[in-house]
2 protein chains.
Amino acid sequence: MIEAQIYKALGDPVRLEMVAKLAKGSSCTIGELSSNLGISRQGARKQIQVLVSANVVRLVPQGRETQVVLNTEKLKVAKMFISKLETEWDQRLHALKSFAEGQNRN
Amino acid sequence: MIEAQIYKALGDPVRLEMVAKLAKGSSCTIGELSSNLGISRQGARKQIQVLVSANVVRLVPQGRETQVVLNTEKLKVAKMFISKLETEWDQRLHALKSFAEGQNRN
DNA sequence: AAAACATGCAACTAAAAGGTTGCATGTTTT
DNA sequence: AAAACATGCAACCTTTTAGTTGCATGTTTT
């Protein structure tokens, strides 16, 4: 079974912007992360929850506010899976090329 | 504006399995790609269309059948964007570490 | 202790996504 | 030319998603 969940989590403009913002490190609390997105705080909160469920992000409560922390491990896995797809594809192309060259031998 | 569409395209088990199958090169026509997924041909066709719209895949009609071709360029872009996120994050961590060391100097 | 702040939770709505069935159409095969 | 095949298109249904509003709760600040 393949892990589509991580891509699903990144596959929304609001969520992807949140992740980008976190990577840039400009902020970290739920409140700050939820602002300037053009949607309500509660709307943003639901998107953060999607990221939490997909393990892209962790929540660390500190007093009355909560820190949102990026989980780069998950991103790494997502990246490596794509790499693997590409590699398989390239190997197949290479095999195909070898075969064609064999055919053309004359 | 960030390109969430590519991740959205990969963010569904059926579509991700299709992409994996294509990368492995086991088949290529719409029909073959649509089989063994547990859904109807027309259902699968709609998922293929999502991949087409996101430019993850190209359709090449040949007579009565249509070849489905993976676009690795798009995958490469997706991979590199994640890499960029990680890099920014790592740099930020590094900066933070330097700062902490500066604070601790005594 | 009151006010301001950061957040959580629940009910609700509109739109999109994922899937189905039925039928039409062009292309090979026999 | 008929049959079999590969595919396309459209209507429809159900569930999920993305967002809203309203109110409750714990935590700082004044």
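Quick caveat: nothing in here was measured; it's all calculated off a predicted structure.
Of the listed nucleotides (C/dT21, C/dT7, D/dT21), D/dT21 has the atom at the smallest distance from the side chain of A/Q42. Comparing D/dA6, C/dC5, C/dG19 against the side chain of B/R64 picks out D/dA6 as the nearest.
Note: CD (B/Q49) to P (D/dC9) measures 9 Å, nearest angstrom. Across the protein-nucleic acid pair, B/Q5 atom CD and C/dA17 atom P stand 10 Å apart, rounded to whole Å. Per the geometry, CG belonging to B/D12 stands 14 Å off C1' belonging to D/dT17, to the nearest Å. Rounding to whole angstrom units, NZ of residue A/K46 and P of C/dC12 are separated by 13 Å. When the P atom of C/dG19 is taken as reference, atom CD1 of B/I48 falls 12 Å away, rounded to whole Å. Rounded to an integer number of Å, the gap from A/L16 CG to D/dT17 C1' is 17 Å. Residue A/Q62 contributes atom CD, which lies 16 Å from atom C1' of C/dC5 at whole-angstrom precision. Distance CZ (B/R45) to P (C/dA17): 16 Å, rounded to an integer number of Å.
Among the candidates A/Q47, A/K46, A/R45, the single residue satisfying the side chain to side chain donor-acceptor pair (under 3.5 Å) test with A/Q49 is A/R45.
Phosphate proximity of D/dG19 to A/S40: absent, as no side-chain N or O sits under 4.0 Å from OP1 or OP2. Regarding contacts with the backbone of C/dG19, a side-chain N or O of B/Q47 is found under 4.0 angstrom from either OP1 or OP2.
Using the Watson-Crick or G-U wobble rule with both distances under 3.5 Å, C/dA16 pairs with D/dT15. Using Watson-Crick or G-U wobble geometry with both donor-acceptor distances under 3.5 Å, C/dT29 finds its partner in D/dA2. Judged by Watson-Crick or G-U wobble contacts below 3.5 Å, the nucleotide C/dA11 has D/dT20 as its partner.
Between B/E32 and A/I39, the one whose closest nucleotide on DNA chain D sits nearer the 5' end is B/E32. Toward the 5′ end of DNA chain C lies the nearest nucleotide of A/E65, the other residue of the pair B/A44 and A/E65 mapping further downstream.
With hydrogens and angles left out, the side chain of B/R41 and the base of D/dG8 share a donor-acceptor pair within 3.5 Å.
Residues B/I48 and B/L33 are in side-chain contact: their nearest non-hydrogen atoms beyond the backbone lie under 4.5 Å apart. The shortest side-chain heavy-atom distance between B/N71 and B/V56 does not fall under the 4.5 Å cut-off.
The environment of NZ in B/K84 is sparse: at most 12 heavy-atom neighbours from other residues, nucleotides or ligands sit within 6.0 Å.
In this structure, A/R15 contributes its side chain and A/K8 its backbone to a donor-acceptor pair below 3.5 Å.
Nucleic acid contact class of B/T66 (heavy atoms, under 4.0 Å, all strands): sugar-phosphate only. Within the nucleic acid shown, A/G31 comes within 4.0 Å of sugar-phosphate atoms alone, with no base atom in reach, counting heavy atoms only.
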